[in-house]
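Note sheet for the following structure.
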Amino acid sequence: MYRFKPELRIPGPVPVPSEVSLQMARPVINHRGAVFKEKFPDVLSRLKLLFGTENTVYMVTGSGTAGMETAVSNLVSPGTPVLCLVGGFFGKRWAELCTAYKAVVHVLEFPWDRGVDPDQVAEFLAQHPEIELIFAVHNESSTGVLNDIEAISRARGDHQALLVVDAVSALGGTPCEMDARGLDVVVSASQKCLMMPPGAAFIALSERAQTYMEQSEASRYYFDLRRYQQFLEKGETPFTPNIHIVFALEEALRMMEAEGLENVYARHLLMRDMARAGARALGLELLVSDADASPTLTAVKFPQADEFRQRVRERYGVEFAGGQGVHAGRVFRIGHMGYATPLDVLTALAVLEIELKKFGRATEAAERVMAAQ
Ligand SMILES: Cc1ncc(COP(=O)(O)O)c(C=O)c1O
C-alpha cells in the first residue's frame, strides 16, 4: 500500500496552510517583551473585521469550549435565568455549561436537522421577561445547520436578554456582522475557518455585554475578561498565551485579507453547493434542507456511516467526521471550511463515489462531476 497524503475533511480541526505552519515553528519569544506587546494588540484588532465589530476582541488560550466557558463564567452567576437554544450537540454544550455554573436553565429544543425557529424564541421570551441571557449556535457543527442568527437576534424585540453566540465553526466562513446584527457576545476558535491549529479562542462583547460582564457577580479566574482587558491595554495577556497562535493568526489574516473576505465567503458557499449537488447526484440523502445548509460542513445520512468512514480512512487517508449525539453512527460529515478549495470537495466526492460502489450505490462518474460543476 502506498503512503497517504492525509486529507482532513472534518469540520475542524482543518488543514493548515504551510505559510501558517511555518509561523508555528518560529522561536519562542517573551510574552512580556517588546516584540509581543507590539504585535499582539495589532493582530487581535484585525479580527474585528471578521467579527464585524468595533469592540475589542480578546484571546484566551484553550479550545473553542474554553471560549464558551469564558462567556458563561463571565456572565452567569448562580440563579441567572438563561435560555439555551438547542438544535444539536453544541447547543447542548451551552446548556451543560450554564448548568455547571448554576444558572436557571431554560431550554428550547429544536429538531437536530433544522434551524432554530425565531418565532418560538419570540413566543418564549414574551412569557419569560426575566431571561437575562440567550445562548445560541451560529453554525451547528453536529448537524451542518447554519442558524439565521440575525432573525434570532431580532426575535428578542425589546426584550432585555443579551444574545451569546457560538461562532466556533462559522467565523471566517460566513459573515458574522456582530454589531449590525446586535449579537452581544461572539465566541470563536483558531482551528476552524481561521486555518490555524487548535489552541486559542477569541471572544468579543457588545458594550451592553461588557457592562453586564463587569457588574456580574460571577466567579471566575483564568477566564476573567476584566483581567484580559487590563492586560490587553499593555499588549499582554494575564497568563502565558499561545504565542505561536498569535504568529499564525497574523499570517492567516494576511491570507484572508489578500483573498478578500467577500471571496472567502463566496468560496465557502461554492463548496457547500458542490458538496450538496455532488452528494445528491450520488443518491445520498442530506441531513438538512437547502434553506438551513451550512457553508462550512455538510452532513450526509448513511446507515453504515462509521464502517464507511473507516474504509475511506484506511484506503485513501481521507477523514470524514462521524455523526454526533442522536446522529451517531448514522451520519457522516464532510468539512469544507478554512483552508479548503473546490478542488478538495471534488476529491472528497471522487472518494465517496468510488467507495459507495462497494456499498452497492453505484452511479456514473460524469454525473457526479457534472453536478458538482
Ligand atoms: C460549533 C462548535 N462549538 C464549539 C466547539 C467546541 O470546540 P473545541 O472542541 O475546540 O472545544 C466546536 C468544535 O467542534 C464547534 O464546532
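In what follows, every heavy atom counts, from backbone to side chain, and hydrogens, waters and symmetry copies are set aside. If you're wondering where the values come from, they're calculated on a predicted model, not measured in any experiment. One-based numbering, in listed order, for ligands and for the atoms of each.
Heavy atoms of Gln191 found under 4.0 angstrom from ligand 1 belong exclusively to the side chain. Here Ala189 has no heavy atoms under 4.0 Å from ligand 1, in either its backbone or its side chain. Residue-level proximity to ligand 1 for Asp166 is carried by the side chain, the only part with a heavy atom below 4.0 angstrom.
Phe239 has its ring centre less than 6.0 Å from the ring centre of Tyr222.
In terms of N/O distances under 3.5 Å, ligand 1 is not approached by Val137. Checking only distances, Asn139 never comes within under 3.5 Å of ligand 1, N or O to N or O.
For the pair Glu140 and ligand 1, no heavy-atom separation below 4.0 Å is found. Not a single heavy atom of His138 sits under 4.0 Å from any atom of ligand 1.
Atoms of ligand 1 found under 4.0 Å from any heavy atom of Gly64, numbered from 1 in the order shown, are 7 (O), 8 (P), 10 (O), 11 (O). Residue contact check: Met68 has heavy atoms under 4.0 Å from atoms 4 (C) of ligand 1. Near Arg93, with a cut-off below 4.0 Å to any heavy atom, the atoms of ligand 1 are 6 (C). Residue-ligand proximity, Thr65 to ligand 1, at heavy-atom distances under 4.0 Å covers atoms 6 (C), 7 (O), 8 (P), 11 (O).
For Thr296 and His268, the side-chain atoms include no donor-acceptor pair closer than 3.5 Å. A side-chain donor-acceptor contact under 3.5 Å links Arg93 and Thr65. A donor-acceptor contact closer than 3.5 angstrom links the side chains of Gln23 and Arg26. With hydrogens and angles left out, the side-chain atoms of Gln304 and Arg330 include no donor and acceptor closer than 3.5 Å.
Counting non-hydrogen atoms of neighbouring residues, nucleotides and ligands closer than 6.0 angstrom, the CD atom of Glu19 exceeds 12 such neighbours.
Remark: minimum distance from atom 14 (O) of ligand 1 to any protein heavy atom is reached at Lys192 NZ, 2.5 Å. With hydrogens left out, the protein atom closest to atom 5 (C) of ligand 1 is Phe90 CE2, 3.3 Å, a heavy atom. Closest protein heavy atom to atom 16 (O) of ligand 1: Ser141 OG, 2.5 Å.
Ring pair Phe320/Phe308 is parallel by interplanar angle, where below 30° counts as parallel and above 60° as perpendicular.
The salt bridge (charged side-chain N to carboxylate O under 4.0 Å, His left out) test applied to Arg114 returns no partner, not counting sequence neighbours.
Of the charged side-chain nitrogens involved, at least one lies within less than 4.0 Å of a carboxylate oxygen, so that Lys5 and Glu7 count as a salt-bridged pair.
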